[in-house]
Amino acid sequence: MCLINIAEGDNMELKKVGTEIFLLPAVELAPKLLGKLLCRCVDGNIIKARITEAEAYSGEEDTACHAHKGKTPRAGILWRRGGTSYVYLCYGMHEMFNVVSGLEDEPGAVLIRGVTGYSGPGRVTKAMKIDRSLNGDDMTVSDRLWVEDDGTEYKYHTSPRVGIDYATEEYRLKPWRFIADIN
DNA sequence: AAAGTGATCATG
DNA sequence: ATGATCACTTTG
């Protein structure tokens, strides 16, 4: 509906994001993703929307991170190289989309919680038609799912992460939710 | 405030 | 095999 569509021939300079920033630790990657364009191609149609909110999940020691339970079948993806997509089903109905962060064997990911027009991780995936069939895609080479940088940078503020009451207090309180200030 | 929905993981 | 839990959303 209100997704951003960049017309062909637009002179805005777009650059597909390669591996460099994805190799950063999750807590550094998450704010850098704010303002970037999340791009999805389905049935020949390209959908682009700007990322406005993201959360970092970082390392086995982070009790909120799926990597905390070790290399389980689902979470094993988190040990892959940054730029891999991690999509899983939550509450039986919501697909959650994350970008794996860091070097191979440094588990972590950034949950995309909002894009322009859509706030909430379940709404983001619904709007962009992202589901588990994209799990494991390398976003630096995929033609189904990738990230572009047009130079936009947002100021942002932080808060604790949402929906992780099960984590220990130390990690429950980490200000690893990054919210763009759009004025 | 509480249901809805099914995969995932730990337990047995 | 069974059961609790869950990076949520919608409805009342």
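To find a chain, count down the sequence lines: A is the first, B the second, and so on, and within it residues start at 1.
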Residues at least two apart in sequence or cross-chain that pass side chain to side chain contact (heavy atoms under 4.5 Å, CB included) with I182(A), listed by chain then number, are T52(A), Y154(A), A180(A)
Test item: M96(A) and Y88(A) side chains (from C-beta on) under 4.5 Å apart, heavy atoms:
yes
Sorted by chain and residue number, the side chain to side chain contact (heavy atoms under 4.5 Å, CB included) partners of E61(A) (sequence neighbours excluded) come out as Y171(A)
Y91(A) OH to dA2(B) P, in whole Å, measures 16 Å
The reported gap from CZ in F178(A) to CD in E53(A) (rounded to nearest 0.5 angstrom) is 11.0 Å
Within the distance-only criterion (no hydrogens, no angle test), does the side chain of T125(A) pair as donor or acceptor with the backbone N or O of E95(A) below 3.5 angstrom? yes
I'd like a table of atom pairs between the protein and nucleotides 9-12 of chain C - only N or O on both sides, under 3.5 Å - with the distance next to each one.
unit_1, atom_1, unit_2, atom_2, d
dT9(C), OP1, G120(A), O, 3.4
dT9(C), OP1, P121(A), N, 3.2
dT9(C), OP1, G122(A), N, 2.7
dT9(C), OP1, R123(A), N, 3.2
dT9(C), O4', H94(A), NE2, 3.1
dT10(C), OP2, R123(A), NE, 3.0
dT10(C), OP2, R123(A), NH2, 2.4

When N98(A), L78(A), V99(A), V100(A) are each screened for side chain to side chain contact (heavy atoms under 4.5 Å, CB included) with T84(A), the one that passes is V100(A)
Polar-atom pairs under 3.5 Å, protein N or O versus N or O of nucleotides 7-12 of chain B: list them with distances, or write none.
unit_1, atom_1, unit_2, atom_2, d
dC9(B), OP1, T72(A), OG1, 2.6

d(L145(A) CG, D137(A) CG) to nearest 0.5 Å is 6.5 Å
Shortest non-hydrogen pair, D149(A) vs G151(A), comes out as OD1-N, 2.7 Å
Expected list for residues 166-175 of chain A near DNA chain C, using heavy atoms below 4.0 Å, is Y166(A)
Interatomic distance, SG@C65(A) vs CD1@I164(A), rounded to 0.5 Å, equals 10.5 Å
* Asked: Would you call D43(A) and K129(A) a salt bridge, using N to O less than 4.0 angstrom?
  -> no
Residues A56(A) and D62(A): closest non-hydrogen pair is O-OD2, 4.4 Å
In whole angstroms, the gap separating C1' of dA7(C) from CG of N135(A) amounts to 14 Å
When pairs are called at under 3.5 Å and a stem needs at least three consecutive Watson-Crick or G-U pairs, the stems of DNA chain B are B:1-4 with C:8-11, B:6-11 with C:1-6
Assigned chi class of dA7(B) under the 90° convention is anti
note: I77(A), atom CD1; dA7(C), atom C1'; distance rounded to Å ~ 16 Å
For this session: Tell me yes or no: between the side chains of T19(A) and R81(A), is some donor less than 3.5 Å from an acceptor?
Result: no
Tell me if the NZ atom of K16(A) is crowded by more than 12 foreign heavy atoms within 6.0 Å. yes
I130(A) CD1 to dA7(C) P, in whole Å, measures 18 Å
